[in-house]
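We count ligands from 1, going down the list as the structure has it; atoms in each ligand are counted the same way. Start at 1 with the first residue, then count along the sequence. Below, all heavy atoms of this structure are taken into account, side chains as well, without hydrogens, waters or symmetry copies.
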Amino acid sequence: MRILIAGAEAAPLAKVGGLGDVLGALPHALARRGHDAVLIIPAYGSILGRVELHSYGALDVRKGGGEPIPTNLLETWLPSPRGDGLAVRVLLVEQPWYFSREGIYTDPVTGNGFADEHERWLAFCMAIGPACERLGWSPDLLHANDSHTGPALALKALRPHPALRRAGALFSIHNLAHQGWYGRDVLRFAGWDPDWHNDSADPLEYSGGTNFMKMGIVCADLINTVSERYAYEIRTDPELGCGLEGLLAHRGSDVRGVVNGIDVDLWNPATDPLLPAHYSLDDLSGKRVCRDQLLAELGLRPAGENTVVLGMVSRLTAQKGVDLVIGALDHMMRDDLRVVILGSGAPAYQDGLRAIEARHGEKFRVLIGFSESMAHRIEAGADAFLMPSRYEPCGLNQMYSMRYGTVPITRYTGGLVDTVVPFDPWRGEGCGFHFSDLSSDGLLDAVGRAVVALRHPESRARLIHNCMIQDFSWDRAAGSYESLYHEILARHRR
Ligand code: ADP
Ligand code: GLC
């Protein structure tokens with residue numbers, strides 16, 4: 001199949017969170033299964049100059065009023081991290097006015113979304129058809145991801161570009177909370193007359209405005225989210241459905257769950273070049289080295305017999321339950337724990353964590369910023385990993401943790417339910433520790449249970465073993481996407 005995967009991020013070119021990891025890995029997994037999978041993302045300024053680029057020249061992309069949007073089509077190839085000689089073609093839509101600036105979603109100066117974000121995503125989506133035409137390549141499937149590319153499916157449904165007319169459409173929801181909800185007038189930018197689209201049944205109308213996520217949901221042949229549990233939650237729980245639960249329920253069995261995979265080549269403790277020592281189930285001694293070095297590197301008090309090291313790598317947002325951690329840390333510091341948090345986000349959370357560090361500098365470190373290599377060192381050096389998310393469509397870090405023999409402590413929500421089997425000390429089964437109550441006490445309870453288990457040599461060994469034998473590789477998830485694509489094409493044939 002020829003599959004065009006469109007989205008706002010793809011690692012290693014552009015990454016803010018898990019969407020980048022997913023779009024960076026899925027095309028490789030599809031290519032390994034013999035498909036012609038091509039990625040299309042914006043050519044952010046941060047990408048240009050970092051990779052070798054081929055130019056296909058200017059594309060004709062115009063605003064509704066006819067005014068041209070300067071657009072070039074660039075191409076690069078991403079080699080497979082498996083080193084199997086395969087590479088994925090990446091199309092980069094260069095629209096300097098919209099994407100050469102710093103920042104992917106948020107303006108680094110204000111910390112808020114860009115004021116013209118609707119124009120940025122519309123302009124990008126409007127370039128997808130012309131990009132395919134320029135290549136002389138028509139996809140069988142257009143696989144759009146999250147609200148940023150919802151308009152691509154609306155354009156395909158309402159005003160299809162010839163290069164996309166025959167393509168089936170899959171829409172993947174990675175985070176329903178970020179919907180792209182704007183005033184109706186933004187439709188004019190893409191040449192739609194708001195007065196023609198003012199009925200709530202119209203894909204372009206939403207509560208008197210317009211909503212890019214709704215466009216994707218209504219116009220896709222099939223929709224998936226990134227775990228079964230989240231697929232259920234967003235149809236049944238108004239808080240998690242974020243206003244779209246009715247629409248999602250209406251699409252019924254067209255809404256599926258496919259749990260993300262992880263790139264087991266990039267995240268492999270036996271070979272990871274970012275770690276100070278390597279380890280595997282057969283020889284775990286390197287994990288201890290990673291732990292000692294992490295504490296030393298961060299100037300934390302060295303670990304003793306009973307010490308348990310907790311890690312967290314996260315966007316510092318309400319979604320991730322950072323407030324629960326802040327409320328629990330003083331209490332945790334009474335025990336023989338070390339806690340390391342890497343993240344960036346809301347200034348209030350950053351300040352809250354720094355204030356705790358000022359009180360407990362020997363046992364707690366917060367690193368504000370984005371660091372791929374530190375993320376790997378925390379995954380390897382920690383004994384347990386905190387993910388107290390309010391909601392979590394899938395979550396990748398719990399899977400990275402398990403692969404690194406690091407026990408996940410997770411809230412019972414979304415993909416965390418689907419991927420973390422609770423530890424049963426009597427049977428010696430399971431991998432992690434859940435809590436349901438959305439409070440610091442709930443988190444503390446789960447941390448307490450994890451710490452007891454990790455201090456006991458037998459259950460510790462069991463836990464590490466159970467974590468490390470899990471298979472979260474993309475092969476399974478890519479197979480599920482393949483089935484969705486086949487189903488869509490079969491519908492089209494009918
Ligand atoms: P989300 O996409 O909601 O942020 P995920 O768990 O799916 O959550 O994915 C987060 C990804 O982003 C992981 O690869 C994680 O390691 C990475 N990440 C988040 N914050 C940072 C950071 N400050 N530094 C390095 N990596 C980070
Ligand atoms: C979103 C979700 C996260 C998911 C990621 C990749 O950012 O918050 O749970 O793992 O997308 O699908």
### Query
Ignoring hydrogens and geometry, is there a side-chain-to-backbone donor-acceptor pair from Lys363 to Met333 under 3.5 Å?
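Answer holds: yes.
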### Task
Check the pair Asp418, Leu416 against side chain to side chain contact (heavy atoms under 4.5 Å, CB included), reporting the backbone distance first and the verdict last.
CA-CA 5 Å; Asp418 290 0; Leu416 302 173; over 6 Å; no
Please state whether [X] comes within less than 4.0 angstrom of ligand 1, counting heavy atoms only.
X      : result
His174 : no
Gln319 : yes
Gly369 : yes
Lys320 : yes

Could you tell me, atom by atom, which parts of ligand 2 come under 4.0 Å of a heavy atom of [X]?
X      : answer
Asn175 : 8 (O)
Gln319 : 8 (O)
Val226 : 12 (O)
Val22  : 6 (C), 12 (O)
Leu19  : 5 (C), 6 (C)
Asn260 : 6 (C), 10 (O), 12 (O)

Starting from [atom], which protein heavy atom do you reach first, and at what distance in Å?
atom                    : value
atom 24 (N) of ligand 1 : Ser371 N, 3.0 Å
atom 12 (O) of ligand 2 : His174 ND1, 2.7 Å
atom 3 (C) of ligand 2  : Glu392 OE2, 3.4 Å
atom 10 (C) of ligand 1 : Gly18 N, 3.5 Å
atom 15 (C) of ligand 1 : Asn397 ND2, 3.3 Å
atom 4 (O) of ligand 1  : Arg315 NE, 2.7 Å
atom 5 (P) of ligand 1  : Leu396 N, 3.6 Å
atom 20 (N) of ligand 1 : Ser314 C, 3.6 Å

Under 3.5 Å: N/O of [X] near N/O of ligand 1:
X      : answer
Ala375 : no
Ser344 : no
Trp267 : no

Do [X] and [Y] pair up side chain to side chain, a donor and an acceptor below 3.5 Å, judged on atom types alone?
X      : Y      : answer
Gln179 : Ser147 : no
Asp330 : His360 : yes
Ser172 : His143 : yes
Tyr485 : Asp140 : no
Tyr44  : Glu102 : no
Asn145 : Thr149 : no

### Query
Checking ring-ring contact (aromatic ring centres under 6.0 Å, His included) for the pair Tyr206/Trp181: CA distance, chi angles, key distance, verdict?
CA-CA 8 Å; Tyr206 184 76; Trp181 183 3; 5.0 Å; yes
### Query
Knowing that exactly one of Asp21, Thr406, Asp263 qualifies, which makes a side-chain hydrogen bond (donor to acceptor under 3.5 Å, both in side chains) with Tyr400?
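Running side-chain hydrogen bond (donor to acceptor under 3.5 Å, both in side chains) over Asp21, Thr406, Asp263 with Tyr400 returns exactly one hit, Asp21.
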### Query
Is Lys320 close to ligand 2, meaning an N/O of one under 3.5 Å from an N/O of the other?
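There is no such contact.
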Check ion pair [X]-[Y] (N to O, under 4.0 angstrom):
X      : Y      : result
Arg2   : Asp36  : no
Arg338 : Asp383 : no
Arg403 : Glu379 : no
Lys15  : Glu9   : no
Glu487 : Arg256 : yes

### Query
Which ligand 1 atoms does Gly395 reach within 4.0 Å, using its non-hydrogen atoms?
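Counting atoms of ligand 1 from 1, those under 4.0 Å from Gly395 are 6 (O), 7 (O).
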### Query
Short list, please: which atoms of ligand 1 are under 4.0 Å from a heavy atom of Gly343?
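Those of ligand 1 that fall under 4.0 Å from Gly343 are 23 (N).
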### Message
If you define the side chain from C-beta out and look only at heavy atoms, does anything of Val226 sit under 4.5 Å from Val22?
### Response
no
### Message
In this structure, does ligand 2 have an atom that sits under 4.0 Å from one of the heavy atoms of Gly395?
### Response
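A heavy atom of Gly395 does come that close to ligand 2.
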### Query
Which is closest to atom 18 (N) of ligand 1 in terms of heavy atoms, Val313, Asp21, Thr317, Leu416?
Val313
### Query
Should one rank Tyr400, Tyr391, Phe370 by closest heavy-atom distance to atom 26 (N) of ligand 1, which comes out on top?
Phe370
